Amino acid sequence: MAIKINNVLTRKKEVFEPVEEGVVRMYICGVTVYGRCHVGHLRCYLSFDAIIRYLKYRGYDVTYVRNFTDIDDKIINRAKEITQGPEGSWRSLPAYESYDACQWSERLAEDEKILQRAKGQDRHLAEVVADHFIDVFRDEDFAPFELIPAQVEPRVSQHIPQVIALIESIIEKGFGYEVGGDVYFDVPAYHAASASYGKLSGRDYTQLVEGARVAPTDKKRFGADFALWKKSGEGEPAWSSPWGQGRPGWHIECSAMSLDKLGAPFDIHGGGKDLIFPHHENEIAQSEAGTEKKFCNYWMHNGFVTVDGVKMSKSLGNFISIKDALGIAPPEVWRLLVLSTHYAHPIDFSRTKAAQTASVACETVRGNIDIAYDRLEYFYETLRRADEIVAGEEVGEEAACMEEPRALELLGRFTEAMDDDFNTAKALAVLGDGMKLVNELCDLKAKQVKKLPGGRPSWIATLAKLTCDLREGFGALGLLRCDPAGALTACREFAARCSCVDVSAVEAKIAERERAREEKDWARSDALRDELVAMGIELRDSSTGTDWRVIR
RNA sequence: GGCGCCGUCGCCAAGUGGUAAGGCAGAGGUCUGCAAAACCUCCAUCACCAGUUCGAAUCUGGUCGGCGCCUCCA
């Protein structure tokens, strides 16, 4: 069985054949570090995290590179804004129109932090801005999600020689030209020689020019040409080059660093769909122009996160920051939610759409986050009850599993789903079936267990195998890696905090109800339960006691 | 204007030629002091029209609706 990948480059689903057998070299476009990340970024890195985990699960030795673009106009602009201070005219820019008081307060606090960090450092403020947001990315935004760390996280600022060498090679081959300190990639010349510009995005470069906005100061020969190197302006960060003081253009850094870390061709290049053009198209052109080798074999792009059907983006102001996301649900809930949809399809986070379209049913329509939250708890609860049954039991090696196809074929079906272009949605459905089976088995009475072929030892063996396989499958997606009891407590505490539930008051009422129940005072017991329901608490009585959870 | 994607049950969501996975909600049931949970059963012919085919949600053409890229963007 082989893994199949929907290759954006060929627009076909293809059998994955790495350059070197058993090894996967992949490059995922990282972020430009000029601000905080939002759920759109989260979706991208969670989707690719599951893909990387699965490739490892399938036995591949994965070399994964994810860059930080730490030189860019937006970073320089941010530095300029910080320099101007809170009274600067930048605050009236259109980009900030939608800012509310809360966002402003966060923004200014962040600027202050960056200024503090810059004190005593003899560096350009833009570099400090980049450092700051790299730290935010690693230590704040993404740390809770436990992504598989990239082997290398290259920064452009540390790869200027590689960038320059690649640009020189492009110029040497006749596909780049210098104009007054800027260097441009010559799209028409390259296309004339290779007939390949536009092969990823399916664009005809001659038609691009008509729609392209060419700024009056542009020195490029052709509208579709793009900057490989930019001459630095006054007070901007600059590096020495054969073309004078300047900095790399956007696109070239990913080519230079991926070629440096992975060589050409490497296996998989990924990123958001919005990067297909121009970013990835230009990466291919300049890399293949400079190296005369194929750049990358498989291109994968994740779908957008949308809000009310519209792409989530900073410029539209319709984004949920990762910081806010972590206040809505725990990291693992977000992971489950993201993986519930195929990586290439859009995910919509609107909570208003349902209310608009289904006026009758709006009260019963629940947010996807809440559903994912419940589902995660269901998974952990299922594992917990199975663990309790299996714990302390001798799982005899000789005890055969029950002839239960749903148990025996679980991982096979999981692998089949994932092999087909990493269909995490389907894979989760398969694993969900396994969870249902675990509950079914746990529900059996001792008498029924006795009657099973193989009896109790076989029942235990089956439960042990199932939970082990489920952990393996979910684990290959980065899910259910925690101890169930601990995870459930954390889930409940999180929900209690969100709903401002007074945990000690809840537990006091539960204790009181326990006493009423011991005295078989059902009226009192039920009254207490009603009070708890009014507090947003649902009870679950069992033979071992009363558990509770926050109603969502 | 150019290129491209999408439209599957009330909601979410798999499914690229062989007769519609899964989740939520809903109905009925088993279990339970009651309830919850868990489990069982039920619940769609795939925006529309016209073709290709023995056979189409899946292919082709058209219509309508939504979105994306072409400027920064995961």
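Everything numeric in this text was worked out from a predicted model, so none of it was measured. Side-chain atoms are counted along with the backbone in the values below, which use heavy atoms only and exclude waters and symmetry mates. Protein chains get the first letters and strands the later ones, always in sequence-line order, with residue 1 at the start of each.
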Re U16(B): Watson-Crick or G-U wobble partner, both distances kept under 3.5 Å, found to be none

Does Asp72(A) reach a base, just sugar-phosphate, or nothing at all? Heavy atoms under 4.0 Å. nothing

For C59(B), the nucleotide meeting Watson-Crick or G-U wobble distances (both under 3.5 Å) is G51(B)

Ordered by number, residues from residues 521-538 of chain A within less than 4.0 Å of RNA chain B (heavy atoms) are Trp522(A), Ser525(A), Asp526(A), Arg529(A), Glu538(A)

When rounded to whole Å, the CD1 to P distance for the pair Ile369(A) and A13(B) reads 13 Å

Paired with Phe349(A), the ring-ring contact (aromatic ring centres under 6.0 Å, His included) test is passed by just one of Phe319(A), Phe304(A), Trp334(A), namely Trp334(A)

With a 4.0 Å limit, can you tell me whether Asn423(A) has a side-chain N or O closer than that to the phosphate oxygens OP1/OP2 of G15(B)? yes

- request: Would you indicate what Arg43(A) reaches in the nucleic acid, counting non-hydrogen atoms under 4.0 angstrom: base, sugar-phosphate, or nothing?
  value: nothing

Cation-pi between Arg540(A) and Trp548(A): NZ/CZ under 6.0 Å from ring centre and within 45° of the ring axis?
-> no

(message) Categorize Arg66(A) for me: base, sugar-phosphate, or nothing, with a 4.0 angstrom heavy-atom threshold over every strand shown.
(response) nothing

From CG of Leu441(A) across to C1' of C31(B) the rounded distance in Å is 17 Å

Hits for side-chain hydrogen bond (donor to acceptor under 3.5 Å, both in side chains) against Lys273(A), two or more places apart or cross-chain, chain-then-number order -> none

> Any side-chain N or O of Tyr378(A) under 4.0 Å from OP1/OP2 of C39(B)?
Replying inline: yes

From CZ of Arg552(A) across to P of A25(B) the rounded distance in Å is 12 Å

Lys/Arg cation over aromatic Phe277(A): Arg203(A), 6.0 Å, 45° cone = yes

Categorize Lys436(A) for me: base, sugar-phosphate, or nothing, with a 4.0 angstrom heavy-atom threshold over every strand shown. sugar-phosphate

So what does His342(A) hit on the nucleic acid, given a heavy-atom distance under 4.0 Å: a base, only sugar-phosphate, or nothing?
-> sugar-phosphate

Between CZ of Phe48(A) and C1' of A74(B) the distance, given in whole Å, is 9 Å

Can you tell me if Lys199(A) has over 12 outside heavy atoms packed within less than 6.0 Å of its NZ?
yes

Checklist entry - Is it the case that Ser47(A) and Asp49(A) place a side-chain donor and acceptor less than 3.5 Å from each other? => result no

Within the 4.0 Å heavy-atom criterion, would you say Gly198(A) contacts the bases, only the backbone, or no part of the nucleic acid?
nothing

Rounded to whole Å, the NE2-P distance (His280(A) to A74(B)) equals 10 Å

Phosphate OP1/OP2 of C69(B) contacted by Lys311(A) side-chain N/O (<4.0 Å): yes

Under-4.0 Å side-chain N/O to phosphate OP1/OP2 contact, His301(A) with C5(B)
no

Rounded to whole Å, the OH-C1' distance (Tyr343(A) to A14(B)) equals 15 Å

### Query
Using a cut-off of 4.0 Å on non-hydrogen atoms, how would the nucleic acid contact of Arg549(A) be classed: base, sugar-phosphate, or nothing?
nothing

If pairing means Watson-Crick or G-U wobble with both distances under 3.5 Å, then the partner of U71(B) is none

When rounded to whole Å, the CG to C1' distance for the pair Asn439(A) and G23(B) reads 15 Å

Contact check, residues 2-11 of chain A vs RNA chain B, heavy-atom distance under 4.0 Å, returns none

